[in-house]
Amino acid sequence: MKIFSFVQPNFQQGPKEFNAHYLPYSAGVLWSYVNSFPVINNYYKLGKFIWKRDDIQQTIEQLLTSDIVGFSTYVWNKNYNYTLAKKLKKVKPDVKIIFGGPEPPISRNNFFQIFPFIDIMIKQEGEYTLRKVLECLDSEEKLLSIPGLLINKSGTVFDTGSATRIKDLKLIPSPYLSGLFDEIMFDNKDIEWNATLETDRGCPYQCTFCDWGSLTYNKIKKFELDRVFDELEWIGKNKCGFLSITNANFGIFPERDNLIADKIIEVQNKYGYPYTFSVAWAKNQKQEVVDIVKKLLNSPGFNQGLTVSVQSLDFNVLENIKRQNLESSKIEEIFDLCDKSNIPIYTEIILGLPGETINTWKENFWKLFRSGNHTGVTIFQAQMLENAEMNLSQRKAFQIESQIVYDYMSGSYNEDVLKEGIEIIISTKDMPYETMLDAEVFSWYINTFHINGVSTFLSRFVYKFLKIDYGVFYEKLLSFLKQDNWFCKEMAEIRMYYDNWMSKGQIDHNNIGNVEIHGWNLIHRTVINIHFQNKYNHVFSLLYKFMEETFCLDNNILDELFTFQKNYLISYKNIKKLPKKIFFQYDFLNYVQETGELNNPVTYEFDFNEDKDMSLTRFCENLYFYRRRNFGKAWVSKI
């Protein structure tokens, strides 16, 4: 019997005190499939699953009895995997090393000169191809006839063409239901496990910044519903705290995905787990998708809302990246539905895409605000994924320059010696370096004041009542704030840290209290400082003065509007005093949502629907970790 081991390490996830790790799902799916064939399980035995980033030498010791080692490789483990494989091959030259996953640069002609320690590279989807490799491993002639491989022939690449995609997902046994992970979980009772769930596989889009479509051949295939339901039962019963649903477009099959949503709620109510989960919503939302979100908002642990991933709202940029968004009228309709139903909206936009200018970048925000999304905009930096079209064929045409950064993987602290980096775009022909830096600072400014809730309702009211556009409001506010020493210091330091990040690969930021600041949460730094430095009243005194001096508003309206805005932004010092009921002569919320008249007396309740005993550190950490559920802003309801 030959021993086959898998390497799929990942970082610890989320706040450190959780000690949370992902189960090695990709490796588990591969082994579950190949081991279902007698020709495999008669000759191969499962060795080790390497699921975390232990010391390299320690990991080599665990793998010395293995005859074949498979490496599942992506941006969060590539350096670890390459280093481990190279050292393992040196210690044990006869071990067969097989790589797979989205990250290895399969288009390079010198692949095995870069990675001479790799024997076989599996391209694209892996189940069927790995099975054929293991069946033919002792015959080079047969190996050369298997589609989907790069084979190391004395340092030269033998490319066998595109992989054969598995036709029927029913043929893949579940690694959860087969008991494959039972031993790992039994031996590591101190770990809070995260689970991954595939309900379907594939993506019909071809965005040039993404490597997903190239891996899955675009056509969507579905796992059987009974299997999905049984896996959800397993995940709840085995107390997996966080669930990542990996669909590229959850909700694209409304009837089916509604049933899955029902099952998630049922499992949570039965077991109390998973207590939170995430999904990537369908790109082209319909009423049916909003209905699924409404349903999930009533479940435990889900209030991240609806994701509308637009990436850019500029037509030329969208053409460059081969992406088609919903029409503006449809986006406004979805935002309006969510706003009136108290559904958090989460929109993603990407800075640095080909063709984006500083003006079109700013206009993305104004368009989103005019369309009705005010609190759930997340800004990502464009990344050059190894096998994405943007990296392979658009780099030269758009004069793209990039930098590897080491503190941008969401929730990863990247503290071990083998740091993992992500290659981000720092300059294009339409947005040179200094202009990109301007865009970073602008994004911080808008994220701080509008998206994080500091001035959201002030600008919304002025937009509706005085017909003053968001762009005008925030340009005027920025000019005013530049007179304040504290704000100027914040802005100068933010620019310095982003400059560090883009030029050196790390921001090198000291902790704020016990909160660690990295590239992935730097944009929230000023809101964190508002709480840690007790600047809440200082900021609102600036805002009041700005409103008073800049806009012609009745004093009664201004005072009540300010009371509404100040209570909308949660003050950590006051969370134990919530909920708070306040009477207003003016119905600001329904007025800006265009569902009611301004001159309508109303009582609103402001509440903090989270743990009111959480520490200041946890509160500030959650401004990032819980951003998808509008953390830091009050839940406002009419009494």
S.K.: Under 3.5 Å, side chain of Gln124 to main-chain N/O of Ala163, donor-acceptor pair present?
M.R.: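 Yes: the side chain of Gln124 pairs with the backbone of Ala163.
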
S.K.: Just wondering, do Phe115 and Met121 contact through their side chains at under 4.5 Å, heavy atoms?
M.R.: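 With C-beta onward as the side chain, the pair stays apart.
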
S.K.: Over all heavy atoms of both residues, which pair between Phe111 and Pro104 is shortest? Give the atoms and the distance, please.
M.R.: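 Minimum heavy-atom separation between Phe111 and Pro104: CE1-CB, 3.9 Å.
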
S.K.: Could you check if a side-chain atom of Tyr33 sits within less than 4.5 angstrom of a side-chain atom of Val29, using non-hydrogen atoms only?
M.R.: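 SC-SC contact between Tyr33 and Val29 ruled out.
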
S.K.: Does any non-hydrogen side-chain atom of Ile451 lie less than 4.5 Å from one of Phe365?
M.R.: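 They are in side-chain contact.
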
S.K.: Would you please say whether a donor-acceptor pair under 3.5 Å links the side chains of Ser402 and Glu423?
M.R.: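 Checked: Ser402/Glu423 side chains pair up, N/O donor to acceptor below 3.5 Å.
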
S.K.: Would you confirm whether Asp159, through its side chain, and Gly161, through its main-chain N or O, come within 3.5 Å as a donor-acceptor pair?
M.R.: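 Present.
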
S.K.: Which residues pass the side chain to side chain contact (heavy atoms under 4.5 Å, CB included) test with Glu516, sequence neighbours left out?
M.R.: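 Partners of Glu516 under the side chain to side chain contact (heavy atoms under 4.5 Å, CB included) test: Lys16, Tyr413, Glu415, Asn511, His518.
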
S.K.: Restricting to non-hydrogen atoms, name the atom on Gly355 and the atom on Phe398 that form the minimum distance, rounded to 0.1 Å.
M.R.: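 Distance-wise, the nearest heavy atoms are N-CD2, 4.2 Å.
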
S.K.: Please round to the nearest 0.5 Å and tell me the distance separating atom CZ of Arg525 and atom OG1 of Thr448.
M.R.: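 Output value for this atom pair is 9.5 Å.
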
S.K.: Is the backbone of Gln506 close enough, under 3.5 Å, to the side chain of Asn500 for a donor and an acceptor to pair up by distance?
M.R.: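 No.
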
S.K.: Would you say the side chain of Phe117 lies within less than 4.5 Å of the side chain of Leu84, judging by non-hydrogen atoms?
M.R.: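 Of all side-chain heavy-atom pairs linking Phe117 with Leu84, none is under 4.5 Å.
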
S.K.: Could you tell me whether a side-chain N or O of Asn10 sits under 3.5 Å from a main-chain N or O of Tyr22, the two making a donor and an acceptor?
M.R.: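 Checking the backbone N and O of Tyr22 against the side chain of Asn10, no donor-acceptor pair under 3.5 Å is found.
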
S.K.: Any side-chain heavy atom of Leu225 within less than 4.5 Å of one from Ile260?
M.R.: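 SC-SC contact between Leu225 and Ile260 confirmed.
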
S.K.: Do you know which two heavy atoms are closest between Phe250 and Ile245, and how far apart they sit?
M.R.: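 What the structure gives for the nearest pair is CD1-CG2, 4.3 Å.
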
S.K.: Taking ring pair (Phe, Tyr, Trp, His ring centres under 6.0 Å) as the test, write out the residues that go with Tyr80, two or more places apart.
M.R.: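 Tyr80 satisfies ring pair (Phe, Tyr, Trp, His ring centres under 6.0 Å) with no other residue.
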
S.K.: Any idea which heavy atoms bring Leu351 and Ala439 closest together, and the distance?
M.R.: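 Shortest heavy-atom separation between Leu351 and Ala439 comes out as CD1-CB, 3.8 Å.
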
S.K.: Give me the atom names and distance for the closest heavy-atom approach of Gly421 to Asn79.
M.R.: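 Nearest heavy atoms, Gly421 then Asn79: N-ND2, 4.2 Å.
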
S.K.: Tell me yes or no: between the side chains of Tyr25 and Glu198, is some donor less than 3.5 Å from an acceptor?
M.R.: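 Short answer, yes.
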
S.K.: Measuring only between side-chain heavy atoms, which start at C-beta, is Ile425 closer than 4.5 Å to Met384?
M.R.: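 Yes; the side chains approach each other to less than 4.5 Å.
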
S.K.: For Thr360, give me all partners under side chain to side chain contact (heavy atoms under 4.5 Å, CB included), at least two apart in sequence or on another chain.
M.R.: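 For Thr360, the residues satisfying side chain to side chain contact (heavy atoms under 4.5 Å, CB included) (neighbours in sequence not counted) are Asp314, Glu356, Thr357.
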
S.K.: Val377 and Asn447: which non-hydrogen atoms are nearest, and at how many Å?
M.R.: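 Residues Val377 and Asn447, closest heavy atoms: O-OD1, 4.1 Å.
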
S.K.: Just jot down the ring pair (Phe, Tyr, Trp, His ring centres under 6.0 Å) partners of Phe380, sequence neighbours excluded, or say none.
M.R.: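 By the ring pair (Phe, Tyr, Trp, His ring centres under 6.0 Å) rule, Phe380 matches no residue at all.
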
S.K.: Heavy atoms, side chains only, cut-off 4.5 Å: are Leu522 and His509 in contact?
M.R.: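 A side-chain contact exists here, since the closest heavy-atom pair is under 4.5 Å.
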
S.K.: Could you work out, with side chain to side chain donor-acceptor pair (under 3.5 Å) as the rule, every residue matching Asp430, not counting sequence neighbours?
M.R.: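 For Asp430, no residue satisfies side chain to side chain donor-acceptor pair (under 3.5 Å) once neighbours in sequence are set aside.
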
S.K.: For Lys170, what residues pass the side chain to side chain contact (heavy atoms under 4.5 Å, CB included) criterion, not counting sequence neighbours?
M.R.: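 Once residues adjacent in sequence are excluded, the partners of Lys170 under the side chain to side chain contact (heavy atoms under 4.5 Å, CB included) criterion are Asp168, Glu224.
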
S.K.: Side chains of Asn364 and Ser312, heavy atoms from C-beta outward: is any pair under 4.5 Å?
M.R.: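 Asn364 vs Ser312: side chains touch.
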
S.K.: When you look at NZ of Lys221, are more than 12 heavy atoms from neighbouring residues, nucleotides or ligands closer to it than 6.0 Å?
M.R.: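 Yes, NZ of Lys221 has more than 12 neighbouring heavy atoms, counting only those of other groups under 6.0 Å.
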
S.K.: On the ring face of Phe223, is Arg201 found with NZ or CZ under 6.0 Å from the centre and within 45° of the axis?
M.R.: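 Cation-pi check for Arg201 and Phe223: fails.
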
S.K.: Would Tyr624 and Trp520 count as a close aromatic pair, with their ring centres under 6.0 Å?
M.R.: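 Ring centres of Trp520 and Tyr624 closer than 6.0 Å.
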
S.K.: Please determine which of Arg108, Arg395, Lys78 meets the salt bridge (Lys or Arg N to Asp or Glu O under 4.0 Å) test together with Glu386.
M.R.: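 Between Glu386 and the candidates, salt bridge (Lys or Arg N to Asp or Glu O under 4.0 Å) is satisfied uniquely by Arg108.
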
